[in-house]
Amino acid sequence: MTSTSRLTGELTGTVLRPGDAGYDRARAVFNGMIDRRPAVIVGCRESGDVARGIRYAREHGLALSVRGGGHNVAGTAACEGGLMLDLSPMRTVEVDPDARTASAGGGALLGDLDGATRAFGLATPLGVMSGTGIAGLTLGGGLGWLAPSHGLSCDNLIDAQLVTADGTLLDGVDDDLLWGLRGGGGNFGVVTTFTYRLHPVDTVLAGALGFRWEAAGEVLRAHDDLVATAPDELATAVSLARGPSGRPALTIALCWCGPPGAAGPVLRPLRRLHPDLDTVAEQPFADWQRVPDAGYPPGRLHYWRSAYLRHLADPAIRTLLEVTEAMPPGDSGIGLQGLRGAAARVAPGATAFPHRAPQYDFLVLAQWPDPADSPRHVAWARAASAAMRPHLEAGVYVNNLGAEGRDRVHAAYGTNYARLVELKRRLDPDNVFRANQNVVP
């Protein structure tokens, strides 16, 4: 192993190698199936540390990976035998309430950004869990509770600081690069600061409606009819999973960010189906963002399969119910998160994120704690995805994509792939940043 003493002396951050205290914690990512051991982990406190780490990796022929929040299911934050840039120390958030903007470090989590903006009654569209990193989420699109009303995370990214493949710091990005950062993944450099547009969001009406399984088909049809015409203030996410009793259950989580009194008529089609669970109540938006966290603890093993579902017709509903009933006991689930409203009205070529039709992000999410159970859970997820394939679109949300091959990467970037290749050739012709859903220059 090449000495890291010179690198250590140049950094304001830290250097960890196998055997060092804190090494195993630093290399761990959200998905417990990923167990990679970098040769060097550079804990970055500023952009200069990122630049020095990149140069060191290139000088010594080391593969490079970048850890923001480490939440990606493919586990690309950790590389085997290479150099990991760990941005987790870079979590500072600065809010300008007058300009309605916020700038956050590349290692910030959703909870960091929400926590800073809530003091001013503001928010930017992010995801649905406070422990997710803003970097991977935004660079891949960013679908969450505010998407129908204010667009995706990437739609609200207005500037960035980025370190390029040769270690140059760009303090602000041009229009072409900003286009690529809005959905093109981590292909063009290491973003050390994200600057977002903020919106007035404080208290929301949010919670879950749970229904008995025997009514699941009727509820899915009613929900599909509802979201086809619902106001942009409503965001929903359907979950099919095993309930506390072990029996299949259907839950619709929802977030209404308009006037609370206006939500009643909108939700009436669902409530008239007599939910046996109704937790919908006014609450601070940042609190709602934390509600799902407990259901996805770090270290569990994950296997995901995803695509877009445009039409929830009866044949698709029947298949959904069948594969849910075949789900192994545990904490796996199938999700249908709505991509609609403002997020769907952006032109496909306006940002690198191309999937702009009103549709569901369909996700088969298998998770389990015991490695001995891996074959059973992976087999179920693959079978469920295969059964649903006739009803699904060709595209896929890049943030849900595992290690699934070149064709699936092309499907994730869709009609924008060729333009992404040209941008990659300009910024990273040697493909230094390839530990991602890679655009090959």
Exercise for review: Any chance you could measure Thr192, atom OG1, to Leu85, atom CG, to the nearest 0.5 Å?
Suggested key: 11.0 Å
Point to revise | Pair Thr101, Thr195: side-chain N/O donor-acceptor within cut-off below 3.5 Å | key: no
**Study point:** Pairwise side chain to side chain donor-acceptor pair (under 3.5 Å) hits with a residue in residues 79-90, at least two apart
**Key:** Asp86-Ser88
Check your understanding: Would you call Arg242-Asp331 a salt bridge at under 4.0 Å N-O?
Key -> no
Exercise for review: Could you pull out all residues at least two apart from Tyr417 that satisfy side-chain hydrogen bond (donor to acceptor under 3.5 Å, both in side chains)?
Suggested key: none
Exercise for review: List in chain and number order the residues that pass side-chain hydrogen bond (donor to acceptor under 3.5 Å, both in side chains) with Ser332, two or more places apart in sequence or in another chain; answer none if no residue qualifies.
Suggested key: none
Practice item. Show your working on side-chain contact (heavy atoms from CB on, under 4.5 Å) between Val364 and Trp304 and close with a plain yes or no. Key: CA-CA 6 Å; Val364 178; Trp304 297 4; over 6 Å; no
Check your understanding: Looking only at atom types and distance, does a side-chain atom of Asn416 sit under 3.5 Å from a main-chain N or O of Ala418, one as donor and one as acceptor?
Key -> no
Exercise for review: Would you please say whether a donor-acceptor pair under 3.5 Å links the side chains of Thr138 and Ser153?
Suggested key: no
Revision key, fill the gap. Closest non-hydrogen contact found for Asn436 with Gly186 is ND2-O, 3.2 Å
Practice item. Indicate the atoms forming the closest heavy-atom contact of Phe353 with Cys154, along with that distance. Key: CB-SG, 4.2 Å
Review point. Passes side-chain contact (heavy atoms from CB on, under 4.5 Å), Glu282 versus Val204? Steps please.
Key: CA-CA 6 Å; Glu282 291 186 54; Val204 295; over 6 Å; no
Review point. So which heavy atom on Ala344 is nearest to which on Ala357, and how close?
Key: CB-C, 3.9 Å
Review point. Where the side chain of Gln367 meets the backbone of Gly295, is there a donor-acceptor pair that is under 3.5 Å apart?
Key: yes
Point to revise | Contacts of type side chain to side chain contact (heavy atoms under 4.5 Å, CB included), residue Pro148, not counting sequence neighbours | key: Ala235, Arg340
Review point. So, Asn399 and Asn72: side-chain donor and acceptor under 3.5 Å apart, yes or no?
Key: no
Check your understanding: Checking Asn156 side chain against Leu152 main chain: does a donor-acceptor pair fall under 3.5 Å?
Key -> yes
Revision key, fill the gap. Tightest non-hydrogen contact, residues Gly189 and Phe433, listed as CA-CE1, 3.4 Å
**Study point:** Neighbour count above 12 (heavy atom, 6.0 Å) for Asp370 CG
**Key:** yes
Practice item. Indicate yes or no: at least one non-hydrogen side-chain atom of Val29 is less than 4.5 angstrom from one of His71. Key: no
Review point. Do Tyr308 and His355 have side-chain heavy atoms sitting under 4.5 Å apart?
Key: yes
Study note, to complete from the structure: For Val173 and Asp159 the tightest heavy-atom approach is N-OD1, 3.2 Å
Review point. Under 3.5 Å, is there a donor-acceptor pair linking the side chains of Tyr303 and Arg382?
Key: yes
Review point. side-chain contact (heavy atoms from CB on, under 4.5 Å) between Leu254 and Leu209: does it pass, once the steps are laid out?
Key: CA-CA 8 Å; Leu254 61 92; Leu209 301 176; 4.0 Å; yes
Review point. Which is it for Arg55 and Glu59 under the salt bridge (Lys or Arg N to Asp or Glu O under 4.0 Å) test, yes or no, and what are the steps along the way?
Key: CA-CA 6 Å; Arg55 288 195 289 265; Glu59 289 168 3; 5.6 Å; no
Review point. Do Asp155 and Arg197 pass the salt bridge (Lys or Arg N to Asp or Glu O under 4.0 Å) test, and can you show the C-alpha distance, the side-chain angles, and the key distance before you say yes or no?
Key: CA-CA 9 Å; Asp155 298 330; Arg197 180 186 304 109; over 6 Å; no
Review point. Tyr397 side chain to Gly142 main-chain N or O, any donor-acceptor pair under 3.5 Å?
Key: yes
Study note, to complete from the structure: Interatomic distance, OG@Ser149 vs CH2@Trp256, rounded to 0.5 Å, equals 10.0 Å
Check your understanding: Side chain of Arg67, backbone of Ala28: donor and acceptor closer than 3.5 Å?
Key -> yes
Practice item. Answer yes or no: is there a side-chain heavy-atom contact under 4.5 Å between Val15 and Val40? Key: yes
Check your understanding: Judged by modelled atom types alone, do Ser65 and Arg36 share a side-chain donor-acceptor pair under 3.5 Å?
Key -> no
Point to revise | Cation-pi check, Arg419 onto Trp179 ring (under 6.0 Å, within 45° of axis) | key: yes
Review point. Once the angle between the rings of His150 and His199 is folded into 0 to 90°, is it parallel (under 30°), tilted (30 to 60°) or perpendicular (over 60°)?
Key: parallel
Exercise for review: Sequence neighbours left out, what passes side chain to side chain contact (heavy atoms under 4.5 Å, CB included) with Val432? Give chain and number order.
Suggested key: Arg58, Leu64, Ala165, Asp428, Asp430
Point to revise | Residues in salt bridge (Lys or Arg N to Asp or Glu O under 4.0 Å) contact with Arg426, at least two apart in sequence or another chain | key: Asp174, Asp176
Check your understanding: Going by an N to O cut-off under 4.0 Å, is there a salt bridge joining Arg290 and Asp293?
Key -> no
Check your understanding: Is Arg17 salt-bridged to Asp20, going by a charged N under 4.0 Å from an acidic O?
Key -> no
Practice item. For residues Phe30 and His302, establish whether the separation of their ring centroids is below 6.0 Å. Key: yes
Point to revise | Rounded distance [0.5 Å steps], CG in Leu226 versus CG in Asp224 | key: 9.5 Å
Point to revise | Asn187 side-chain N/O to Val439 backbone N/O, donor-acceptor pair under 3.5 Å | key: yes
Review point. Does Asp96 reach the main-chain N or O of Ala99 with its side chain, forming a donor-acceptor pair under 3.5 Å?
Key: yes
Point to revise | Ion pair Glu422/Arg425, N-O distance below 4.0 Å | key: yes
Check your understanding: Looking at side-chain heavy atoms only, is the closest gap between Tyr196 and Arg100 below 4.5 Å?
Key -> no
Revision key, fill the gap. Scanning both residues in full, the closest heavy-atom pair of Pro328 with Trp380 reads CD-CG, 3.4 Å
Review point. Should we count CZ of Arg406 as having more than 12 external heavy atoms under 6.0 Å?
Key: yes
**Study point:** Side-chain touch Thr132/Leu126, heavy atoms, less than 4.5 angstrom
**Key:** no
